[in-house]
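Protein chains get the first letters and strands the later ones, always in sequence-line order, with residue 1 at the start of each. In what follows, every heavy atom counts, from backbone to side chain, and hydrogens, waters and symmetry copies are set aside.
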2 protein chains.
Amino acid sequence: MAGIKDVAAHAGVSVATVSRVLNDSPRVSEETRDKVQAAMRALRYRPNAVARSLRTEATQTLGLIIGDILNPFFAVLARAVEDEARAAGYTVVIGNADERPEQQDHYVRTLLEQRVDGLLICPTAEITPLVEDCVRSGAPVVFLDRTLPGLEVPSVRADGTEAIHDLVRHIHRLGRRRIAFISGPELLSTGRERTRAFHDAMRACGLDVPGRYVEAGDFQAASGRAIAARFLDLSEPPEVIFAGDNLMALGALDEIRSRGLRIPDDVALASFDDVAWFAHLDPPLTAIAQPAEELGRRAVRVLLDRVEGHPVESVVLPARLVIRRSCGETETK
Amino acid sequence: MAGIKDVAAHAGVSVATVSRVLNDSPRVSEETRDKVQAAMRALRYRPNAVARSLRTEATQTLGLIIGDILNPFFAVLARAVEDEARAAGYTVVIGNADERPEQQDHYVRTLLEQRVDGLLICPTAEITPLVEDCVRSGAPVVFLDRTLPGLEVPSVRADGTEAIHDLVRHIHRLGRRRIAFISGPELLSTGRERTRAFHDAMRACGLDVPGRYVEAGDFQAASGRAIAARFLDLSEPPEVIFAGDNLMALGALDEIRSRGLRIPDDVALASFDDVAWFAHLDPPLTAIAQPAEELGRRAVRVLLDRVEGHPVESVVLPARLVIRRSCGETETK
DNA sequence: GTGCGTGATGGAAACGATTACATGGGAGTG
DNA sequence: CACTCCCATGTAATCGTTTCCATCACGCAC
């Protein structure tokens with residue numbers, strides 16, 4: 001494949017000049033510029049970004065490590081990150097950690113070796129030595145969606161506390177009292193936060209939370225279904241099931257349907273995480289929406305600030321309650 | 001950041017030896033190997049893949065250009081491609097073309113400059129000069145999901161012809177005759193194929209297809225909804241609406257619901273493209289499933305064969321009819 | 001005419017790895 | 001003892017850029 005040297009030879013100039021044309025430096029005469037560009041076209045020259053990066057120590061590439069691209073929440077995040085990065089002249093390499101720490105590490109290692117200019121990580125539960133290590137050694141990392149305790153890393157995430165309060169109040173106003181919660185893993189910051197907010201919100205409304213009304217799943221559909229089943233088998237089953245993420249909500253939905261129960265008449269359902277097709281379900285699902293696009297875009301901006309050496313601060317955006325019909329009709333209707 | 005030279009100095013050996021340890025060449029004594037590895041750990045050495053790629057002319061990276069990561073079909077595809085590539089020691093850079101030719105070109109250009117070892121493209125409608133150009137100049141490209149006429153590029157895709165015949169027969173057996181089709185853009189190979197297969201299948205069953213029962217959408221939800229509305233407004237509306245992709249099916253679903261019509265009693269609905277949550281709809285949607293994971297995996301294998309210079313052949317995998325309840329209960333029930 | 005600033009261009013070092021080739025020492029063999 | 005072979009290791013060229021510095025020609029002022 002043609003290199004800068006071939007172009008230089010073909011145009012009868014030096015490689016330095018070709019390079020200057022490439023980076024459109026002003027110190028090239030109109031005439032030479034044309035000559036060089038003609039040579040480039042003639043030889044179908046394509047700059048070699050690898051060589052360029054070696055020299056400039058910058059790859060114009062960002063790494064993004066997410067839990068799973070098949071989870072619509074992460075898909076939206078990834079899309080937003082990519083859009084924002086492209087606008088800033090960067091390419092994004094996405095790594096699917098599949099929620100497994102060792103696979104997360106695999107990507108951290110690989111992306112670092114590829115010398116990405118910055119790294120966006122949605123951390124899995126545990127702090128791995130590798131992650132801790134490269135954070136300490138100053139790698140430009142920003143955490144997205146989740147945080148890890150004890151590490152001084154800027155993060156961009158949503159806070160669902162307020163929205164969970166809104167949800168509990170909404171349900172309370174509709175006259176339901178017994179609310180059960182399918183929580184997430186204690187190990188994930190998002191899991192802990194939501195559970196805590198749920199308890200707080202219930203207390204604030206003067207509602208009781210029996211121990212058997214809260215069970216932790218693993219953010220996967222199967223656990224949502226199993227836990228919903230246990231809730232419904234209780235001698236005094238809940239009037240509302242609130243799932244801690246979209247996949248567990250799906251599992252709960254299946255369990256409810258398979259028992260022939262009607263939503264919301266027999267049991268109401270709500271979910272943390274809003275995904276596009278919740279609106280197309282029958283009935284449409286009431287859910288708490290995270291500002292995923294905004295999170296993705298902000299994360300890129302924070303990361304790039306960091307890369308450029310500016311001081312950066314963590315960002316926390318509020319989640320928002322989206323009332324549909326799965327908890328009953330609202331009083332305003 | 002520490003380089004191979006620093007490691008060499010720290011271990012008291014030459015850079016060549018360090019490099020040999022790195023690539024675990026057998027021509028290094030046990031003893032030196034340990035010394036070098038100790039030095040690497042001490043200096044937190046991370047190999048620089050950029051430099052390595054420059055020298056070896058291989059990046060161990062594959063490019064994947066898809067229509068839109070938010071479309072579940074592409075998400076599954078991307079996930080499979082990534083898994084298979086990782087297993088083979090490659091990283092994947094995903095580019096979202098957003099179905100826009102110029103954005104597709106942006107990624108083709110960028111990825112080529114980054115010197116990816118191979119390129120997987122789900123081409124948008126048009127052949128762009130750039131794509132044509134690099135295909136002709138022998139870039140290792142494989143088309144995925146769609147093909148472009150007139151270009152000799154190996155492709156990996158699904159064929160829905162058989163499944164569409166199955167679907168039409170299925171509907172026919174259930175006693176419905178008037179089937180309308182929301183087809184895809186004529187410009188896309190997938191769009192053309194499905195339309196053609198639909199006509200053939202109808203003819204084979206002895207069913208008539210009035211001109212106003214086929215309308216082309218753009219594979220987006222809004223067009224599906226609009227076209228469904230026109231079908232339903234016909235003086236003799238269809239008994240079944242068959243949508244050419246999952247997004248248009250969604251649009252049609254919304255339109256049907258908003259009119260208070262029941263599925264399948266008032267009108268049946270089926271979709272090309274099966275996505276996970278179709279099974280969770282009420283009623284679960286009958287759909288034609290493409291073997292997306294398999295497509296992704298095979299595409300990587302074909303591409304890698306190509307990269308390694310082996311002769312390769314295009315792959316066509318059959319799509320499969322998945323009968324659920326949105327066209328009515330099957331006779332076997 | 002000499003000196004100098006300016007603007008365009010070229011020469012060559014560097015980036016961090018890989019690798020062909022050279023070197024040197026120890027063991028084995030006659 | 002001398003010769004050879006082999007194994008471990010080192011030296012240096014190389015990949016395709018960018019960029020610092022030098023060079024050269026030109027015009028202008030003194």
Side-chain angles (χ1 to χ4, degrees), chain A residues 1-40 43-61 89 91 109-117, chain B residues 1-40 43-61 89 91 109-117:
Chain A
M1 181 167 268
I4 206 178
K5 257 187 249 174
D6 309 292
V7 175
H10 191 277
V13 299
S14 75
V15 293
T17 302
V18 176
S19 173
R20 276 187 282 260
V21 172
L22 226 41
N23 298 282
D24 41 39
S25 134
R27 4 179 90 270
V28 185
S29 74
E30 195 73 21
E31 193 188 5
T32 341
R33 182 182 310 274
D34 291 349
K35 240 185 350 189
V36 171
Q37 281 166 342
M40 287 180 176
L43 300 177
R44 302 161 173 279
Y45 169 73
R46 281 196 208 300
N48 184 329
V50 174
R52 186 208 307 276
S53 296
L54 177 60
R55 183 58 229 241
T56 61
E57 324 240 65
T59 51
Q60 298 293 102
T61 292
T91 316
R109 209 180 336 264
T110 308
L111 294 174
L112 249 31
E113 290 186 1
Q114 310 232 16
R115 296 297 193 267
V116 292
D117 293 335
Chain B
M1 182 164 267
I4 205 177
K5 259 187 247 175
D6 309 291
V7 175
H10 190 277
V13 299
S14 75
V15 294
T17 303
V18 177
S19 173
R20 276 187 281 258
V21 172
L22 226 42
N23 299 284
D24 42 40
S25 133
R27 1 178 94 269
V28 185
S29 76
E30 196 73 19
E31 191 187 6
T32 352
R33 181 183 308 274
D34 291 349
K35 243 186 346 191
V36 171
Q37 281 166 343
M40 286 180 175
L43 300 177
R44 302 159 174 280
Y45 169 73
R46 278 194 209 303
N48 185 328
V50 175
R52 182 205 310 260
S53 296
L54 177 59
R55 183 58 229 244
T56 60
E57 325 241 61
T59 51
Q60 298 294 104
T61 293
T91 317
R109 208 179 339 260
T110 307
L111 294 174
L112 249 29
E113 291 187 0
Q114 311 233 21
R115 297 298 192 266
V116 292
D117 294 335

Quiz item: Can you tell which of D:dA8, D:dC15, C:dA12 lies closest to the side chain of B:Thr32?
Solution: D:dA8
Quiz item: What integer distance in Å separates A:Gln114:CD from C:dG16:C1'?
Solution: 15 Å
Quiz item: Does B:Thr56 have a side-chain nitrogen or oxygen under 4.0 Å from the phosphate oxygens OP1 or OP2 of C:dT18?
Solution: no
Self-check item: Interatomic spacing from OG in B:Ser53 to CG in B:Asp117 - rounded to 0.5 Å
Solution: 7.5 Å
Practice problem: Measure from the side chain of B:Arg27, starting at C-beta and using heavy atoms only, and say which of C:dT18, D:dG16, D:dA8 lies closest. | Solution: D:dA8
Quiz item: Starting at the 5' end of DNA chain D, which residue's closest nucleotide do you reach first, B:Ala16 or B:Ala51?
Solution: B:Ala16
Quiz prompt | Atom-pair distance (CE on A:Met1; C1' on D:dC15), nearest Å | solution = 15 Å
Practice problem: Please state how far atom CD in B:Glu57 lies from atom P in C:dT19, giving the value in whole angstrom units. | Solution: 11 Å
Practice problem: For A:Lys5 and C:dG10, give me the distance from atom NZ to atom P, rounded to whole Å. | Solution: 16 Å
Quiz prompt | Polar pair under 3.5 Å, donor/acceptor by atom type, side chain B:Arg46, base C:dG16 | solution = no
Quiz item: OP1 or OP2 of D:dT9 less than 4.0 angstrom from a side-chain nitrogen or oxygen of B:Ser29, does that happen here?
Solution: yes
Self-check item: Value in whole Å for how far the P atom of C:dT19 lies from CG of B:Asn23
Solution: 7 Å
Self-check item: Residue met sooner reading DNA chain D from 5', once B:Pro26 and A:Tyr45 are mapped to nucleotides
Solution: B:Pro26
Quiz item: Out of curiosity, B:Thr17 OG1 to B:Lys35 NZ, how far, rounded to the nearest 0.5 Å?
Solution: 9.0 Å
Quiz item: When rounded to the nearest 0.5 angstrom, what is the spacing between CE in A:Met1 and CG in B:Leu112?
Solution: 6.0 Å
Quiz item: Base, sugar-phosphate alone, or nothing: which one does B:Val18 contact when heavy atoms must sit under 4.0 Å apart?
Solution: nothing
Quiz prompt | A:Arg44 side, atom CZ; A:Asp6 side, atom CG - distance, nearest 0.5 Å | solution = 14.5 Å
Exercise. Report the distance from atom CZ of A:Arg33 to atom CG of A:Asp24, rounding to the nearest 0.5 Å.
Key: 6.5 Å
Quiz item: Which part of the nucleic acid, if any, lies within reach of B:Val50 when heavy atoms closer than 4.0 Å are counted: base, sugar-phosphate only, or nothing?
Solution: nothing
Practice problem: Please state whether the phosphate of C:dT18, meaning OP1 or OP2, lies under 4.0 angstrom from any side-chain nitrogen or oxygen of B:Arg52. | Solution: yes
Quiz prompt | Out of D:dT17, C:dG10, D:dG10, whichever nucleotide has its closest atom nearest the side chain of A:Ile4 | solution = D:dT17
Quiz item: Can you check whether B:Asn48 has a side-chain N or O nearer than 4.0 Å to OP1 or OP2 of C:dC15?
Solution: no
Quiz prompt | A:Val15, nearest nucleotide to its side chain (from C:dT18, D:dG10, D:dT18) | solution = D:dT18
Quiz prompt | Side-chain N,O (A:Thr17) to OP1/OP2 (C:dG10) below 4.0 Å | solution = yes
Exercise. State the OG1-CD distance between B:Thr61 and A:Gln114, to the nearest 0.5 angstrom.
Key: 4.5 Å
Quiz item: Which listed nucleotide (D:dT9, C:dT9, C:dA17) is nearest to the side chain of B:Val28?
Solution: D:dT9
Quiz item: From the list D:dG16, C:dA17, D:dC20, which nucleotide is the closest neighbour of the side chain of A:Leu54?
Solution: D:dG16
Quiz prompt | Side-chain-base donor-acceptor pair under 3.5 Å for B:Arg55 and C:dT18 | solution = yes
Practice problem: Whole angstrom is fine here: how far is it from CZ in B:Arg20 over to P in D:dT11? | Solution: 11 Å
Quiz item: Separation of A:Glu31 atom CD from C:dA8 atom C1', in whole Å?
Solution: 11 Å
Quiz item: Between C:dG16 atom C1' and A:Arg115 atom CZ, what is the distance in whole Å?
Solution: 9 Å
